[in-house]
Visitor: 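The structure follows.
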Amino acid sequence: MKENQNHVQTSELREKVLSWYHQNKRDLPWRLGKDPYQIWISEIMLQQTQVTTVIPYYNKFIKRFPTVFSLSTAEVDEVLSLWSGLGYYSRARALHRAACKVVEEHNGVFPRDRMKLMELPGVGPYTAGAILAIAFDMPEAAVDGNVTRALSRIYGVRNDVTKTHAKKKIDSFAQSLMTGSTPGDFCQALMEFGSVVCRPRSPRCSKCAVNKFCDAFAKGDVEQLPHKPLKTAPKIIVGAAILLSRKQKFLAVKRPERGLLGGLWDLPGGEVRKDERPEAGLRRSLFESLGLVLGGSLEETGRIVHLFTHRKLILYLFRGEINSQRVRRRGFAAHRWVSLKTFLDLPHSSLTAKAFHSLNLKEIS
DNA sequence: AACCCGTGGTG
DNA sequence: TCACCAAGGGT
């Protein structure tokens, strides 16, 4: 037996973590009550996203959509607008579909059932467990990155935690801890403990209330856990986009729902091939996706470097003008000629916001 | 199973 | 600076 779970006193571990939580818990807007709708919204927003980033988005969202019914009757684009800048935009579209499903198939009441919850778009094992534990106080584990890190250290799980074998072990340990009378508190306590004390780097082991149970602390390899494979270097992509005007209006395109920044509005453009100059790639992209042929020269106005999780984008920006060409759209879901103000009101990514900022438009400043 | 999907903080 | 990583899920 490699893991030292025999050394871990489950009840004492639980009490120490809960005690730490009660003394250190943060005041967060989704901790005001136990409305499963609000817990659900917060958990979707918190997927791969830090608490401090989520808070203002959560407050805006709940104010606009206070109930699952109000969300279900909304336009998807308005949901995306409220999500603009938060990232992982498929979450927003899944959220809207899930709201409709809760209303249509469950009369607007969130099911108290893991399998039923996981049938909602965007709700996986973690989120289902979090809703059950936090909103309904059911003894269901919710294993996120914080829990994985804390439990891999405490129980000495030294396998690759991205693999099924280690995940099952962590899940099992997490579920074995869901025994007391306050599953919701303990669920949040364990995550917050992982976030604040059992941190990825510079963990606060000397002040940790449960270090006497911790296998990694005893063996001195806390910062080596959890073990994960090295990430591959991001692929470099070159793109070109243009602020294209026609009679005081500007061309906005809606990206396809699938793929990167799906469903968001953007400047027209596309990928530049390796053997192309940016301007040539832009002209080709505009013809292929929109049927546009731009005469004359284009004004290159800048360049942006933008990092995604596994891609590095080098985006060349241009400005141009056309008179009365008709758009024959193929590569996008929609297009509109709009004022700059309207453009920035459409749901768009931080990359597009950065592009507008880079264009340094006195029209919008 | 492996890859895709954003953004901002952090040391 | 830049690699890591965050209250993961879909395909």
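Keep in mind the model is a prediction, meaning the values are calculated, not measured. The sequence lines fix the lettering, A, B, ..., with proteins before strands; numbering per chain opens at 1.
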Visitor: Would you list the pairs meeting side chain to side chain donor-acceptor pair (under 3.5 Å) in which at least one residue belongs to residues 228-241 of chain A, sequence neighbours left out?
Guide: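 Those involving residues 228-241 of chain A do not exist here.
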Visitor: Is it possible for you to check whether A/Arg255 lies under 6.0 Å from the centre of the six-membered ring of A/Trp265, through NZ or CZ, and within 45° of that ring's axis?
Guide: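 Relative to the ring axis of A/Trp265, which defines the angle, A/Arg255 lies outside at least one limit.
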Visitor: For residues 101-110 of chain A, run the donor-acceptor check on the side chains, cut-off 3.5 Å, and write out each pair with its distance to 0.1 Å, sequence neighbours left out.
Guide:
residue	atom	partner	partner atom	Å
A/Lys101	NZ	A/Glu119	O	3.3

Visitor: Please name all residues satisfying salt bridge (charged side-chain N to carboxylate O under 4.0 Å, His left out) with A/Arg97, sequence neighbours left out, ordered by chain then number.
Guide: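 Result, salt bridge (charged side-chain N to carboxylate O under 4.0 Å, His left out) vs A/Arg97: none returned.
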Visitor: If the P atom of B/dG8 is compared with that of C/dG9, how far apart are they to the nearest Å?
Guide: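 These two P atoms come out 22 Å apart once rounded.
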Visitor: Using a side-chain heavy atom cutoff under 4.5 Å and only I, L, V, M, F, W and Y, what cluster partners does A/Leu225 have?
Guide: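 Besides A/Leu225, the hydrophobic cluster comprises nothing; the residue is isolated.
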Visitor: Under the side chain to side chain donor-acceptor pair (under 3.5 Å) definition, can you give me all pairs with a residue in residues 268-285 of chain A, not counting sequence neighbours?
Guide: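 Sorted result for residues 268-285 of chain A: A/Glu276-A/Arg284, A/Glu279-A/Arg283, A/Arg284-A/Glu288.
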Visitor: Report the residues that fulfil ring pair (Phe, Tyr, Trp, His ring centres under 6.0 Å) with A/Phe343, sequence neighbours left out, ordered by chain and then residue number.
Guide: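 Counting only residues at least two positions away or on another chain, A/Phe343 forms a ring pair (Phe, Tyr, Trp, His ring centres under 6.0 Å) with A/Phe356.
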Visitor: How do A/Arg31 and A/Val123 order along DNA chain C: which one's closest nucleotide is nearer the 5' end?
Guide: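 Upstream on the strand: A/Arg31.
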Visitor: So which pairs with a foot in residues 302-315 of chain A pass side chain to side chain donor-acceptor pair (under 3.5 Å), sequence neighbours left out?
Guide: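 Pairs touching residues 302-315 of chain A that pass the test: A/His306-A/Lys354.
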Visitor: With a 4.0 Å cut-off on heavy atoms, is A/Trp30 in touch with a base, just the backbone sugar-phosphate, or nothing at all?
Guide: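 If one applies the 4.0 Å heavy-atom cut-off, A/Trp30 turns out to touch a base.
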Visitor: Answer yes or no for A/Arg14 and A/Phe186: cation-pi contact, defined as NZ/CZ to six-membered ring centre under 6.0 Å and angle to ring axis within 45°.
Guide: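 Ring-cation test returns yes.
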Visitor: How far does the C1' atom of C/dG10 sit from the matching atom of B/dA1, given to the nearest Å?
Guide: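 Here C/dG10 and B/dA1 have their C1' atoms 14 Å from each other.
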Visitor: Could you list the cluster mates of A/Phe287? Members are the ILVMFWY residues connected by side-chain heavy atoms closer than 4.5 Å, either directly or through other members.
Guide: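 Answer for A/Phe287: A/Val293.
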Visitor: Heavy atoms only, 4.0 Å cut-off, all strands: where does A/Leu28 land among base, sugar-phosphate and nothing?
Guide: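 The answer is base, as A/Leu28 lies within the cut-off (heavy atoms under 4.0 Å) of a base atom.
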Visitor: Tell me if the centroids of the rings in A/Phe61 and A/Tyr57 come within less than 6.0 Å of each other.
Guide: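 No, ring centres 6.0 Å or more apart.
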Visitor: Applying a 4.0 Å non-hydrogen cut-off, can you work out what A/Lys235 is touching in the nucleic acid: base, sugar-phosphate, or nothing?
Guide: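 The residue A/Lys235 makes no contact with any strand.
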Visitor: Assign A/Val54 to base, sugar-phosphate, or nothing according to its heavy-atom contacts below 4.0 angstrom with the strands shown.
Guide: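 A/Val54: no heavy atom of the nucleic acid under 4.0 Å.
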Visitor: Could you encode protein contacts along nucleotides 2-11 of chain B as a string, one character per nucleotide from 5' to 3', using B for base contact, S for sugar-phosphate-only contact and - for no contact, with a heavy-atom cut-off of under 4.0 Å?
Guide: S-SBBBB-B-
Visitor: Looking across every strand, which nucleic acid part, if any, lies under 4.0 Å from A/Arg93 by heavy atom: base, sugar-phosphate, or nothing?
Guide: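 No contact at all - A/Arg93 keeps every heavy atom at 4.0 Å or more from the nucleic acid.
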Visitor: More 5' along DNA chain C: A/Asn146 or A/Leu230, using each one's nearest nucleotide?
Guide: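 Looking at DNA chain C, the more 5' nearest nucleotide goes with A/Leu230.
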Visitor: How would you label the contact of A/Arg97 with the nucleic acid (heavy atoms, under 4.0 Å): base, sugar-phosphate, or nothing?
Guide: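 Contact class for A/Arg97: none.
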Visitor: Which residues, if any, of residues 175-191 of chain A bring a heavy atom under 4.0 Å of DNA chain B?
Guide: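 Here the set is empty: none.
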Visitor: Under 4.0 Å between any heavy atoms, over every strand shown, what does A/Ser195 touch: base, sugar-phosphate, or nothing? Just pick one.
Guide: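 Touches sugar-phosphate only.
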Visitor: Please measure how far the P atom in C/dA7 lies from the corresponding atom in B/dC4, and state the result in whole Å.
Guide: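 The answer is 24 Å between these two P atoms.
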Visitor: Name the first nucleotide and the last nucleotide along DNA chain C (5' to 3') that come under 4.0 Å of a heavy atom in chain A.
Guide: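 So the outermost contacting nucleotides come out as C/dC4 to C/dG10.
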Visitor: Tell me, which pairs form a side chain to side chain donor-acceptor pair (under 3.5 Å) where one or both residues lie in residues 191-207 of chain A, sequence neighbours left out?
Guide: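 Found A/Arg26-A/Glu192, A/Arg31-A/Glu192.
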